[in-house]
2 protein chains.
Amino acid sequence: MSDTEPSWDFYRTFLTVMQEGSLSAAARELGLTQPTIGRHIDALETSIGFQLFIRSTQGLIPTEAALELRPHAEQLAAKAAALLRAASGQGGGVRGTVRVSASEMIGVEVLPPMLAALKDEHPNLIIELSLSDSVEDLLRQEADIAVRNITPTQDALIVRRIGNIPIGLHAHRRYLDKHGTPEKLEELPLHRTIGYDRESAYVRALRRSVPLMDLMQPSFRADSNLAQIAAIRAGFGIGACQVKLAKRDPDLVRLFEAEFELPLETFVVMHENLKTTPRCRVTFDALVDGLLAYIGR
Amino acid sequence: MSDTEPSWDFYRTFLTVMQEGSLSAAARELGLTQPTIGRHIDALETSIGFQLFIRSTQGLIPTEAALELRPHAEQLAAKAAALLRAASGQGGGVRGTVRVSASEMIGVEVLPPMLAALKDEHPNLIIELSLSDSVEDLLRQEADIAVRNITPTQDALIVRRIGNIPIGLHAHRRYLDKHGTPEKLEELPLHRTIGYDRESAYVRALRRSVPLMDLMQPSFRADSNLAQIAAIRAGFGIGACQVKLAKRDPDLVRLFEAEFELPLETFVVMHENLKTTPRCRVTFDALVDGLLAYIGR
DNA sequence: TGTCGCTCATGCATTTGTGTATATCAGATA
DNA sequence: TATCTGATATACACAAATGCATGAGCGACA
């Protein structure tokens, strides 16, 4: 065990090897060569005093220790990326990289036009969009700004409440023509429905507020809201999706408009430290304005 | 502006230069030479595309940009240190480095015997003690375990409430012999008292709960509780300190035992991810047990 | 079985980075 | 003014890290 601190570059190499699964793949990723990567890992291992990988001819198998160090290396990488983003914003005016995190649905269906307009206004702005629902993004600085659907509990965050995005039950006209349009909620179990795959916290909360959900045995299960809306559009059956999104397609029919509507609370969140940073400031404002317009105030 | 990501080692060099104020000092700190440090900074500057320091013959003056990047580099360093601590704990059993954060008072007067006993029990444990009251330590992983006096609001933390450490007014017998012992609280303004220098959040809360405090114009002001207790011990005047600590010195007299007692809530806090880590687990337990014993259950 | 594609390991030439030594400048002190 | 101590910058030699080329092992597939 050497007494001197290992090069921080070794941590990056280590993480890349963990992510890619082999020295060669990590080398391609980092723009280095496989022998170099191998030597980095060797050096890191001797430095910390234990083995990180079991070498095999079909790749590297991480040891327990390596698995335990991985999250640390990921956080390190997140910080390094955040530093680089901060650096990219230097030089006056609105410039540099801003990283936005949003759910798949919001990120794919709702944000793009807003971000496009923002880019038109600020040509020097580079926008990264990370599709994730993790609440910890901002604190780990994996993103600068997040669009979230639950109240952020953490301090040190600037939270702007947008309002409720209405969720309704929808089906494609083609499906309804073939299988009939349910008149009463009780008929729902007789229909092909689209639901969640795993029992996430959100789904459990949903079950509590809508007891009816328990009766439904979805014939199409997907955790991805995007996959769900794709299934609705494909005429697979009846599913829940944002009312505003469904309205864009004239062939999507809303069902039980009076009886069924879930509110999806929406927030735009940013770390307090970034509020004076021009690139984050304008992006935050643009998202707030855009989303307010989207829900129709 | 180069397109390739700078070496993470450059970040470490940058931070050290910021901390030390010169290339030469940073070189000594890092065990490298001044030309090497200079080249690192050069490389980092060309990589991010703007100047970080204005060179002068008596050191380096950081630019605005450098000042803005510094906190990012510090967080990066904290993460790197946390990774290394995690690595130090590998290998089975209780081993490696654990970093404890506590207030000056607790860290100097209360913890040392507990930590000594802990070390006796686990010889392979290396204990780092960081004296700080910052609440963000744990989230930034600047420490593994913290002893705090306010309720931690953040999620993802394991919080163990210890109880209240009683704070009382005390003076040295020598002072009382010379200036008399106040009989009523109203006499306090006539005495030499010891108080806080700046209006911290804690002091404001204290003022609210003890209106009398407003009448006192401390003749000795210090933010450091250690300095305050030192002043009490030196017979400077009347000040507040932990009752348990005062009891250790037979010449310290408690005043207004019936009328004045502030509770100092105490918690031991750890990040949830560390609860399965042996070195953190045993240290957490030792601190909880030790502090419970200290307040006398 | 032979070949292709992937992997890691190793020897060697080259590039890159580092250290040593030195020059230069600014400020404090006698 | 002379001197000492701190700082950065630069030239040059050396050490260290990297890339290249190659060898060898394993699995998929024809």
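Chain letters run A, B, ... following the sequence lines, proteins first, then strands; residues in each count from 1. Because the structure is predicted, anything quoted here is derived from the model rather than measured. Worth knowing before you read on, the calculation uses all heavy atoms, side chains too, and leaves out hydrogens, waters and symmetry mates.
The separation between A:Phe10 atom CZ and D:dA16 atom P is 13 Å, rounded to whole Å. Rounded to whole Å, atom P of D:dA28 lies 8 Å from atom CD of A:Gln58. Rounded to whole Å, atom C1' of D:dA9 lies 14 Å from atom CD of B:Glu45. When rounded to the nearest whole Å, the span between CD1 of B:Ile37 and P of D:dT10 equals 17 Å. Going from atom CD1 of A:Ile41 over to atom P of C:dA9 covers 11 Å, rounded to whole Å. Put simply, NE2 on B:His40 is 8 Å from C1' on C:dT18, counting in whole angstrom units. Distance, B:Asp42 CG to C:dT18 P: 12 Å, rounded to whole Å. Distance, A:Asp9 CG to C:dT18 P: 10 Å, rounded to whole Å.
Checked against C:dC8, D:dA21, D:dC26, the side chain of A:Arg55 finds its nearest nucleotide in C:dC8. Of the candidate nucleotides D:dC26, C:dT18, D:dT8, C:dT18 has the atom nearest to the side chain of B:Thr36.
Judged by distance alone with a 3.5 Å cut-off, a donor-acceptor contact links the side chain of B:Arg39 to the base of C:dG19. No hydrogens or angles were tested; on distance alone, a donor-acceptor pair under 3.5 Å links the side chain of A:Gln34 to the base of C:dA9.
Salt bridge annotation for B:Glu5-A:Arg12: present, with a cationic side-chain nitrogen under 4.0 angstrom from a carboxylate oxygen.
Looking at A:Gln228, its side chain does come within 3.5 Å of a backbone N or O of A:Gly195 through a donor-acceptor pair. For B:Asn124 (side chain) and B:Val94 (main-chain N/O), no donor-acceptor pair under 3.5 Å exists by modelled atom type. Checking side-chain atoms of B:Thr277 against main-chain N and O of B:Cys280 turns up no donor-acceptor pair under 3.5 Å. Side-chain atoms of A:Thr13 come within 3.5 Å of backbone atoms of A:Asp9 as a donor-acceptor pair (strictly under, hydrogens ignored).
DNA chain D lies under 4.0 Å from at least one heavy atom of each of the following residues of residues 15-29 of chain B: B:Ser22, B:Leu23, B:Ser24, B:Arg28.
In this structure, B:Thr33 reaches the C:dG19 phosphate: one of its side-chain N or O atoms is under 4.0 Å from OP1 or OP2.
Relative to the ring axis of A:Phe236, A:Arg192 places its NZ or CZ within 45° and under 6.0 Å from the centre.
A donor atom on one side chain and an acceptor atom on the other are not found under 3.5 Å apart for A:Glu142 and A:Ser130.
If you check every strand for non-hydrogen atoms under 4.0 Å, B:Gly59 touches sugar and phosphate atoms only.
Map A:Thr57 and B:Leu60 each onto its nearest nucleotide of DNA chain D; the residue landing nearer the 5' end is B:Leu60.
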